[in-house]
Q: 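Got a structure for you, questions after.
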Protein chains: 2
Amino acid sequence: MSQDDVGVDLDTSLGYHLKQAHSVLRSAMDAALRPLGMTVPQYACLELLHQRPGLSNSELARGAFVSRQSMNVLLQSLEREQLVSRPDQSPAGRALPVQLTPLGGERLRAASAAVSSVETRMTQALNINQQQQLRDLLASCVKALSE
Amino acid sequence: MSQDDVGVDLDTSLGYHLKQAHSVLRSAMDAALRPLGMTVPQYACLELLHQRPGLSNSELARGAFVSRQSMNVLLQSLEREQLVSRPDQSPAGRALPVQLTPLGGERLRAASAAVSSVETRMTQALNINQQQQLRDLLASCVKALSE
DNA sequence: TGACTCATGTCAATATTCTGACATACCTTG
DNA sequence: CAAGGTATGTCAGAATATTGACATGAGTCA
């Protein structure tokens with residue numbers, strides 16, 4: 001296909017493969033989290049908070065690769081469900097440190113197990129070395145595009 | 001971080017690396033296409049049509065990993081801009097084969113070059129073997145999640 | 001032939017996300 | 001100290017995508 005001088009062959013394009021892999025993973029995570037009444041962005045936010053408690057809204061947004069406005073509406077819904085908490089006043093600057101509530105931690109555990117299972121399924125055909133290779137290759141792509 | 005029994009370590013998680021790489025690539029493509037007045041989904045649709053002329057709305061949707069409703073509104077805007085064309089009546093079944101117009105092909109060429117340059121930049125630190133490895137690893141992940 | 005299943009195109013309503021904008025708080029720098 | 005720059009939280013509006021639903025056309029099978 002495509003005897004073009006300049007162009008992109010979708011079967012060869014790494015970008016297309018990346019997009020496809022992301023899409024399939026997203027669908028699988030969606031399906032795994034749905035029975036738990038949780039969405040992927042919600043899970044991402046909780047997982048982020050679990051590993052780095054006290055992150056601010058903006059920091060969470062960067063970590064989840066969304067705008068801080070989107071993360072804010074997400075946090076509002078999580079607050080309504082009592083899964084996270086924010087102080088009324090900022091201890092320093094404007095940033096409000098977000099904390100996981102006990103209930104949030106509980107819900108996260110189940111979600112984390114579900115997601116972990118999906119990731120295991122995704123990489124079941126890859127050995128440890130290959131998994132590390134994939135990590136490194138992806139990191140190289142990220143680094144190259146970030147400068 | 002995370003001495004948990006069950007959980008996901010974001011620094012290790014392949015899913016997180018995948019999400020990050022996808023996000024960075026998407027931003028870079030966005031920036032590259034903006035001067036051309038084109039969005040990433042629009043480009044994806046045109047590129048798909050170039051390599052497989054006559055694809056239907058539903059087929060395009062699957063190829064671009066969006067719902068067929070989203071692809072439909074996308075096609076409507078592309079039709080309005082005279083970049084693609086659809087027959088008034090279906091030649092067989094309900095599917096309407098979409099075609100790239102000459103203008104669409106022209107616009108695609110510029111967009112394709114821009115995207116190609118982004119992809120080259122993304123993989124600049126990878127040799128041919130590594131690029132093929134990355135393709136194969138991603139394909140393995142897709143295959144594993146698709147069954 | 002008739003009933004069933006499946007894929008498609010499309011309409012409507014909803015949800016999600018983004019961009020633009022503004023005020024606030026901290027931090028430099030002159 | 002005052003001024004500019006940066007980061008943050010938040011509001012409002014627009015763009016984008018999704019789900020749900022329905023009718024149409026094609027193929028299958030009894």
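Below, chains carry the letters A, B, ... as their sequence lines are ordered, and counting in each starts from 1. None of these values were measured; they are calculated from a predicted model.
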Q: Could you say whether B:N57 or B:D30 is positioned toward the 5' end of DNA chain C, judged by the nucleotide with the nearest heavy atom to each?
A: B:N57
Q: With heavy-atom distances below 4.5 Å as the criterion, would you say the side chains of B:L138 and A:L134 are in contact?
A: yes
Q: Just to confirm, is there a sub-4.0 Å distance from OP1 or OP2 of C:dT17 to any side-chain nitrogen or oxygen of A:S67?
A: no
Q: Pick base, sugar-phosphate or nothing for B:L96, based on heavy-atom distances below 4.0 Å to the nucleic acid.
A: sugar-phosphate
Q: Over how many whole Å does the gap from B:D88 atom CG to C:dG9 atom P extend?
A: 15 Å
Q: 5'-most contact on DNA chain D: B:P91 or A:Q76, nearest heavy atom basis?
A: A:Q76
Q: Please determine, for the side chain of B:R86, which listed nucleotide (C:dT10, D:dT8, D:dT10) has the closest atom?
A: C:dT10
Q: Report the distance from atom CG of B:N72 to atom P of D:dC22, rounded to the nearest whole Å.
A: 19 Å
Q: Would you say C:dT16 has OP1 or OP2 under 4.0 Å from some side-chain N or O of A:S70?
A: no
Q: Which residue lies toward the 5' end of DNA chain C, A:R68 or A:F65, if each is placed at its nearest nucleotide?
A: A:F65
Q: Calculate the interatomic distance between B:E79 atom CD and C:dT10 atom C1'; express it in whole Å.
A: 13 Å
Q: Heavy atoms, side chains only, cut-off 4.5 Å: are B:T39 and B:L33 in contact?
A: no
Q: Under a 4.5 Å cut-off applied to non-hydrogen side-chain atoms, are A:N57 and A:V98 in contact?
A: no
Q: Is there a side-chain contact between A:E119 and B:L14 (heavy atoms, below 4.5 Å)?
A: yes
Q: I need the CZ-C1' distance between B:R26 and C:dT17, as an integer number of Å.
A: 11 Å
Q: Mind listing the N/O atom pairs, protein and nucleotides 1-7 of chain C, below 3.5 Å?
A:
none

Q: Between A:L103 and A:L75, is there a shared hydrophobic cluster once you connect ILVMFWY residues whose side-chain heavy atoms come closer than 4.5 Å?
A: yes
Q: Side-chain contact test, heavy atoms from C-beta onward, threshold under 4.5 Å: evaluate it for A:L25 versus B:C141 and give yes or no.
A: no
Q: Side chains of A:Q132 and A:R135: donor-acceptor distance under 3.5 Å anywhere?
A: yes
Q: What does B:V73 touch in the nucleic acid at a heavy-atom separation under 4.0 angstrom: a base, only the sugar-phosphate, or nothing?
A: nothing
Q: Give the rounded distance in Å between these two atoms: CG of A:L75 and P of D:dT10.
A: 9 Å
Q: Nearest nucleotide by nearest heavy atom, which residue falls closer to the 5' end of DNA chain D, A:Q69 or B:G93?
A: A:Q69
Q: Take the protein atom CZ of A:R34 and the nucleotide atom P of D:dT19, then report the distance between them rounded to whole Å.
A: 8 Å
